[in-house]
Each structure stands twice: as structure tokens, then as C-alpha cells.
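So the structure is just underneath, and the comments pick up after that.
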Protein chains: 2
Amino acid sequence: MKGIRQLAKHLDISIGTVSRALNGRPDVNIETRKRVLAAAEELGYVANQSGRSLRQGTTNVIGLMIESSKETVENSDNFFLGVTGGLQSVLSRHKLDLLMLPCPNDEDPHEYLKRMVARRIVDAMIISATQRVDKRIDLLVKAKIPFVALGRSTSGGNHTWIDLDFEGVAACAVDRLVSKGHRRIAIAAPSNDINLGYIFVDAYRQALERHGIAYDPSLIIRVKSSEQGGYQAGHEMLRLDSKPTAIILIYELMAIGLYRRLNEAGIVPGRDLAVIGFREEPRGKFLQPSLTCFRMSLRDLGVELAETLLATMPAYAEHYPKGARNTIWPLELAPGESDAFSLSV
Amino acid sequence: MKGIRQLAKHLDISIGTVSRALNGRPDVNIETRKRVLAAAEELGYVANQSGRSLRQGTTNVIGLMIESSKETVENSDNFFLGVTGGLQSVLSRHKLDLLMLPCPNDEDPHEYLKRMVARRIVDAMIISATQRVDKRIDLLVKAKIPFVALGRSTSGGNHTWIDLDFEGVAACAVDRLVSKGHRRIAIAAPSNDINLGYIFVDAYRQALERHGIAYDPSLIIRVKSSEQGGYQAGHEMLRLDSKPTAIILIYELMAIGLYRRLNEAGIVPGRDLAVIGFREEPRGKFLQPSLTCFRMSLRDLGVELAETLLATMPAYAEHYPKGARNTIWPLELAPGESDAFSLSV
DNA sequence: GCGCTTTCCGGAAACGTTTTAGTATGGCAA
DNA sequence: TTGCCATACTAAAACGTTTCCGGAAAGCGC
């Protein structure tokens with residue numbers, strides 16, 4: 001005999017009363033409640049999650065699905081752990097626990113999520129690394145699991161998502177470079193299949209148009225989002241007939257490869273070429289000259305994610321007025337030395 | 001009516017048989033099994049985890065507890081996701097799922113783990129960031145939860161653990177520097193409270209003794225494991241009357257601060273001072289000159305962790321001969337330019 | 001035909017909890 | 001007194017699954 005039954009017997013009380021006492025139900029004598037809570041503390045009793053989940057149909061667990069398969073693994077620890085802090089600060093107020101579900105490399109993310117959802121180990125999900133077309137969204141919609149996606153997608157109608165302000169960042173980067181007299185601005189980005197690649201480059205193009213600068217496809221360098229990709233981007237850039245005077249990188253990690261290639265060519269970032277990166281990461285500080293890039297509070301993003309998610313959960317929605325179901329998350333410029341190179345007088 | 005009952009009704013078969021068919025029990029007709037599996041696939045049936053956990057007393061989930069404290073996050077980089085890959089490659093063979101349990105910043109890790117254990121959402125645990133005295137170990141031992149600690153500890157008798165080969169690394173670093181003629185070798189480390197700080201410095205001292213070099217306490221610089229800590233280490237080092245000609249850093253992140261302080265003093269790493277870091281991380285490559293440090297396969301470490309853990313779980317131990325319950329994980333030297341400075345002829 | 005084993009399946013108990021329905025008690029108004 | 005309500009509790013059902021136990025049917029040797 002274990003669990004609540006033992007506790008009930010120890011107190012010589014029915015298990016129903018014990019349960020109600022522990023769960024703060026109204027119809028239990030204040031004295032009794034005190035005794036129950038004291039005994040629970042003393043015996044170290046904590047309700048078995050399987051039992052209560054089975055009965056209630058709820059787990060009090062929020063899942064954060066992360067993929068360790070992509071190239072994103074290179075820089076994701078920091079990101080997810082940072083966001084996690086903000087998430088928990090909100091979720092813990094509702095006695096919700098956050099579990100991270102890492103999708104195995106060799107398993108299809110869609111299948112993995114399907115398994116997790118079917119097993120009912122979470123009440124709601126946050127999915128990351130959203131693709132432009134993402135079957136996971138349809139799955140969650142169909143299964144009626146509350147969720148929010150980190151990254152926009154064309155799947156599943158108008159689902160709830162939060163995404164970084166790629167448009168704003170691209171515009172800011174272009175504006176800044178143009179204000180320094182640059183006209184030929186290259187961009188190193190992954191392919192259009194990746195959400196980021198598509199949106200970012202599109203915003204870059206629009207920003208150029210706004211400044212009346214002709215769009216030159218040769219300045220869009222499609223590479224892997226890795227160190228090698230950065231090296232290759234530098235390489236291809238140097239092979240252009242009409243060389244750019246500035247370049248925007250979408251992944252921080254590209255910077256190291258680019259710097260290396262530039263170094264081989266005797267080009268100094270910030271002196272001979274303006275370089276702007278995207279999302280600030282701790283290691284960006286390791287570069288010399290330091291990389292100009294864009295910064296955001298991972299913790300605040302986590303808070304926003306949590307509140308958005310709770311707004312989609314019927315049991316919690318009352319506390320969170322569901323305003324915009326889609327949020328564009330702003331980043332701020334973190335100036336460095338790498339874009340000091342100016343063509344202005 | 002949901003779940004297995006519906007499936008059984010659909011097949012006009014008892015639920016007991018359906019369950020046995022799905023779980024690969026022997027006493028079910030091959031034809032029946034096929035029908036059941038086909039129907040399950042068709043209807044998208046997956047067993048409710050709460051139900052089966054409640055009945056079996058097992059969850060088929062392994063927990064990896066991580067701490068999202070600021071210092072851990074900054075130093076982890078891709079550590080956890082790297083290890084996760086290796087873990088899953090082993091666990092998935094046994095149909096075990098890995099969940100990461102991030103301890104909230106504002107909750108005591110011991111309390112958090114207690115909650116998670118009591119709720120029985122995992123069958124076994126891997127805990128990281130083990131402290132020299134770690135109550136979590138006693139808790140797990142007492143609760144009889146199979147576990148393995150990433151990091152050694154003096155708590156809980158002789159528990160199972162895996163730790164990095166600090167001794168080997170310290171010895172290798174010292175040997176390498178001594179062979180280049182260095183006699184005054186500083187070390188920047190966190191306080192003795194941190195496992196790493198204690199063991200690493202001790203090993204460093206022993207290595208010096210082996211070379212007949214007198215131990216000088218002033219060369220042990222206790223700083224935070226952060227960029228600022230690195231800067232401070234550089235600062236304190238420069239204030240010494242008799243300056244060291246080499247320095248060993250315990251955290252990669254320290255390197256950036258150190259480099260900055262050295263730069264201010266006009267000292268070039270690798271030319272005027274030999275620098276060796278500890279664990280290689282992607283961001284280490286961003287440094288110029290590149291940092292000499294120590295490398296390991298995170299994936300392999302994950303595999304080792306998983307196999308060690310399974311050996312401690314009665315249900316799986318048969319496949320994993322429980323050899324050494326304690327493992328020292330080796331690292332290999334990753335030579336860079338930062339320790340090129342030599343005093344030899 | 002009989003006894004035995006093997007194969008396969010159905011019925012039901014059990015896991016630990018929450019929650020509903022029901023009950024005893026006592027107070028209070030009529 | 002009776003009737004009614006509020007309070008605080010007990011008993012029991014329910015959640016979805018696995019697994020034990022028993023039994024029907026079939027095969028087999030004699």
C-alpha cells in the first residue's frame with residue numbers, strides 16, 4: 001500500500017478527503033487540511049503523476065520540442081537555455097513544468113512529435129525551428145493540442161506563432177550600411193527552404209529598393225549556415241567582378257569562416273569591408289574586430305512565448321488576454337567594429 | 001470510449017488481446033497480431049502513457065537534468081545538445097525516450113529534483129553540474145532511482161559517475177608548457193567549491209611537483225568562470241611581481257576576457273605569453289590567435305553515459321556488463337597558436 | 001475415447017489518483 | 001416538533017492500460 005492511501009490510513013481519514021485537502025478544494029475542514037498538509041510534508045508524499053494524469057486527463061507539463069539534427073545544433077544550447085529561463089518564470093506561477101523534448105537526429109521530427117503527442121505526456125507544446133511548410137503544425141492543429149510555434153509557417157491556417165523580426169533587422173542593417181555610403185551590399189544566407197533564408201533575403205531586397213538601389217542577384221550568396229559556409233561566402237564574394245563593399249551574414253557562425261577567408265586575402269573587416277552579423281551570441285565577442293550584430297533578450301522572448309501559449313490554453317486563457325496571436329520579436333543593434341568601413345566623406 | 005477499447009471493439013476482439021498483440025507478447029496468433037497492428041496504424045492509435053505508466057510502474061523515460069543558471073548557460077554552448085545526440089542513439093534502441101528537465105533558476109536544484117522524482121515521470125536520471133557535495137545524489141540513492149552523475153562527488157557513497165579527465169588535461173597542459181621551457185605557469189580557475197576548481201588545480205599542482213617545480217600559490221588565480229573572470233585573471237596576472245610566462249584557463253569563455261586584457265597591455269598570446277584553454281568549443285575557433293585547448297567527442301560521451309546508465313537499471317543491465325561504475329573521460333589536445341611562445345633554445 | 005499439452009483468447013483485477021454522489025451531523029427557522 | 005440547509009466527510013466510480021488466471025479449442029499419442 002503506497003501513496004495517498006498510506007497517507008490516508010496514517011491520518012485515519014478517507015483518501016478522498018486527503019486528495020481534496022491537498023488540492024485546495026473548499027469542502028474540507030481547515031483543521032483537517034492542516035493535518036493533511038503536515039503529514040504529507042512529513043512523509044514526503046507527492047502525488048504520482050501517472051495516476052493524476054490518468055484521472056484528470058492533464059499532465060501539467062509543457063513541452064518544448066528542439067531539434068538537435070540541424071546545423072542549428074552548433075549554436076542552440078545558449079538559445080534554448082536562455083529562452084527556457086523566461087518560459088519557466090511564467091509557467092511556474094501556474095504550477096506547470098517545462099520539459100524539453102529533443103528530437104533524435106535519426107527520427108523524423110514529424111513522427112517524433114506525433115509519438116509524443118499521442119502518448120499524452122504534455123498538455124501543450126512549443127515547437128522551434130519551424131519550417132516554411134511544416135507538417136508538425138497540421139498535426140498539432142488536428143490533435144487539438146494548444147501550441148505556439150517559434151517561427152512562422154504557411155502550414156495549418158493561421159496558427160499562433162512568434163518569430164524574430166527579420167524584416168526589421170534586414171532593414172536596419174541595410175539602412176546603416178547605406179548611410180555609410182555603401183551601394184553594393186552582399187548577403188550570405190541559406191536557401192529559400194529555410195524560413196530565415198526566404199524572409200530575410202526578401203526583406204533585404206525591399207530595403208534596397210527603398211533606397212533606390214538596383215537589386216543584383218549575384219550579391220545573394222547562398223551557403224550553408226556554418227563556419228564553412230562563411231568561408232565559402234567570402235570566397236564567392238571575392239570572385240565577383242564588381243566586388244561588394246559590405247556584407248550581411250545571417251548566422252553568426254559564418255563570421256569566423258568569412259574572417260578567415262578575408263584574412264587570406266589581406267582584407268581586414270571594418271577597414272576594407274563592412275560586415276554585419278545577425279543574432280548576437282556569446283562567441284561573437286570572440287571575434288576581432290568585434291562583430292556588429294543584433295541583440296535580443298532571450299529571457300523576455302521566453303516570457304512572451306509562455307504568455308502566448310497560456311493564452312491558447314482554455315484552462316489558463318482567462319489570465320492572458322489573447323491579443324495578437326502572431327508576434328514579431330524585435331532585436332536591437334549591438335554595434336561593433338566590423339562595420340566601421342565607410343564610403344562617406 | 002477511447003483508446004485501446006475502441007480499437008478492440010473495432011476489431012471485435014478483447015482489449016487484453018489487443019494489448020498483448022501491440023506489446024509483442026508471444027501468446028497471440030500471428031494473424032491476429034497483424035490485424036491489430038494494421039488497425040492501430042490506420043486509426044493512429046498510440047497507447048496513453050499515463051495508463052501504461054500507472055499499470056507498469058514504469059515510464060520509459062530517461063531524464064537529463066540541466067541547470068539553466070547563468071554561468072552554466074554561458075559555458076555550456078553546445079554541450080548538452082551534443083551529448084543528447086549520443087544519449088539518444090543508445091536509448092532509442094530500447095524504446096526509451098530522453099527528456100531534458102531544466103531546473104528553474106529560482107528553484108533549488110535539490111527541491112526540483114525531489115519533485116520530479118516523486119512525481120515519477122522518469123525511470124532514471126542523469127544529473128549534470130554535480131557539486132562536490134551534492135544533496136541530489138543522496139536523494140536519488142534514497143529513492144532508489146537509477147542514475148548516473150556527470151561529475152564526481154563525495155556524496156552518496158560510491159555512486160556511478162562519469163567525469164572529464166581533469167587530471168590528464170592538467171598534466172598534459174603542464175607537461176606541454178614545461179617542455180617549452182616554462183617554469184612559472186599560472187592557472188585561472190573557479191573556487192574550490194566547484195568540483196572542477198578543486199580537482200583541476202590539484203592535478204595542476206601535482207604535475208608541477210612531478211617536474212620539480214615549486215608550487216607558488218600566487219599563480220593560482222581564482223576568478224569567475226566568465227569573460228569578466230578572464231579579464232580579471234589577466235589583470236591579476238600582470239600585477240604579479242614575478243610574472244608567469246604561461247597561463248592555463250579552465251573555461252573557454254575566460255579566453256576572450258584574457259585576450260582583451262592582454263591586448264590592452266600590448267601582450268600578444270602565443271608570442272609573449274603561452275595560453276592553453278580547457279574544453280574546446282565552437283566559439284574557441286573565433287579567437288585570434290587560435291586557442292590551444294582540449295577536445296572530446298560529445299556524442300561519444302553521450303553514448304558512454306547512456307550505456308553506464310542502462311547498466312544500473314535492472315531491466316536493461318543484462319545487455320550492459322557493468323564494468324567500472326566510474327569513468328574518467330579522456331580529452332585530446334587540440335593544438336592552436338596561443339601556446340606557441342617558447343623559452344627553449 | 002481418453003488424457004495431456006499447446007495455442008490462443010476473454011474476463012477481470014490492479015495501478016494511484018480525482019471527483020461525483022451520497023450521508024451523517026448539527027444548526028436554524030418555522 | 002419538522003423541515004431545510006450547510007458543513008465535512010466517506011464510499012465508490014472512473015481514467016486507460018497491462019497482466020494474471022482460467023478456459024475453450026485443437027492437436028497428439030496411446
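Here is the naming used below: chain letters follow the sequence lines, and residue numbers restart at 1 for every chain.
Here the CD atom belonging to B:Glu67 is positioned 6.5 Å from the CD atom belonging to B:Gln131, to the nearest 0.5 angstrom. Atom CZ in B:Phe80 sits 10.5 Å away from atom CG in B:Leu298 (nearest 0.5 Å). To the nearest 0.5 Å, atoms CD1 (A:Ile66) and CD1 (A:Ile126) are separated by 11.5 Å. In this structure, A:Leu164 CG and A:Thr327 OG1 are separated by 11.5 Å, a value rounded to the nearest 0.5 Å.
Not one side-chain nitrogen or oxygen of B:Thr17 sits closer than 4.0 Å to the OP1 or OP2 atom of C:dC9.
In this structure, the CD1 atom of A:Ile15 is 13 Å from the P atom of D:dA13, given to the nearest Å. Here D:dT18 presents its C1' atom at 8 Å from CD1 of B:Ile4, a figure rounded to the nearest Å. Here D:dC9 presents its P atom at 12 Å from CG of A:Asp12, a figure rounded to the nearest Å. Remark: P of D:dG16 and CG of B:Leu7 are 14 Å apart, rounded to the nearest angstrom. The distance between atom CD1 of B:Ile121 and atom P of C:dT17, rounded to the nearest whole Å, is 15 Å. When the C1' atom of D:dT17 is taken as reference, atom CZ of B:Arg5 falls 9 Å away, rounded to whole Å. C:dC15 atom P lies 14 Å from atom CD of A:Gln6, rounded to whole Å. When rounded to the nearest whole Å, the span between CZ of B:Arg20 and P of C:dT7 equals 14 Å.
Side chain to side chain, A:Ser92 and A:Gln88 fail the donor-acceptor criterion of an N or O pair below 3.5 Å.
Of the residues in residues 49-58 of chain B, B:Gly51, B:Arg52, B:Arg55, B:Gln56 come within less than 4.0 Å of DNA chain D through at least one heavy atom, sorted by number. If you check residues 22-47 of chain B against DNA chain D, the residues with a heavy atom closer than 4.0 Å are B:Asn23, B:Arg25, B:Tyr45, B:Ala47, listed by number.
Aromatic ring centres of B:Tyr320 and B:His94: separated by under 6.0 Å.
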Please tabulate, for side-chain N and O atoms in residues 54-61 of chain B, each donor-acceptor pair with protein atoms closer than 3.5 Å (sequence neighbours left out).
from    : atom 1 : to       : atom 2 : distance (Å)
B:Thr58 : OG1    : B:Asp123 : OD1    : 3.4
B:Thr58 : OG1    : B:Asp123 : OD2    : 2.7
B:Thr59 : OG1    : B:Val61  : N      : 3.3
B:Thr59 : OG1    : B:Ile121 : O      : 3.4
B:Thr59 : OG1    : B:Asp123 : N      : 3.3
B:Thr59 : OG1    : B:Asp123 : OD1    : 2.9

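Taking five base pairs at each end of the helix from C:dG1-D:dC30 to C:dA30-D:dT1 and finding the rotation axis that steps the C1' atoms of four pairs onto the next four gives two axes whose angle is 60°, to the nearest 10°.
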Audit row: B:Arg325, B:Thr160, side chain to side chain donor-acceptor pair (under 3.5 Å) steps and yes/no: CA-CA 5 Å; B:Arg325 294 169 56 84; B:Thr160 306; 3.0 Å; yes
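When atom types are taken as modelled, the side chain of B:Ser19 and the backbone of B:Ile15 share no donor-acceptor pair closer than 3.5 angstrom.
Listed by first then second residue, pairs satisfying salt bridge (Lys or Arg N to Asp or Glu O under 4.0 Å) with a partner in residues 139-153 of chain A read A:Arg152-A:Asp163, A:Arg152-A:Glu167, not counting sequence neighbours.
Every residue two or more places apart in sequence or in another chain was checked for a salt bridge (charged side-chain N to carboxylate O under 4.0 Å, His left out) with A:Glu111, and none qualifies.
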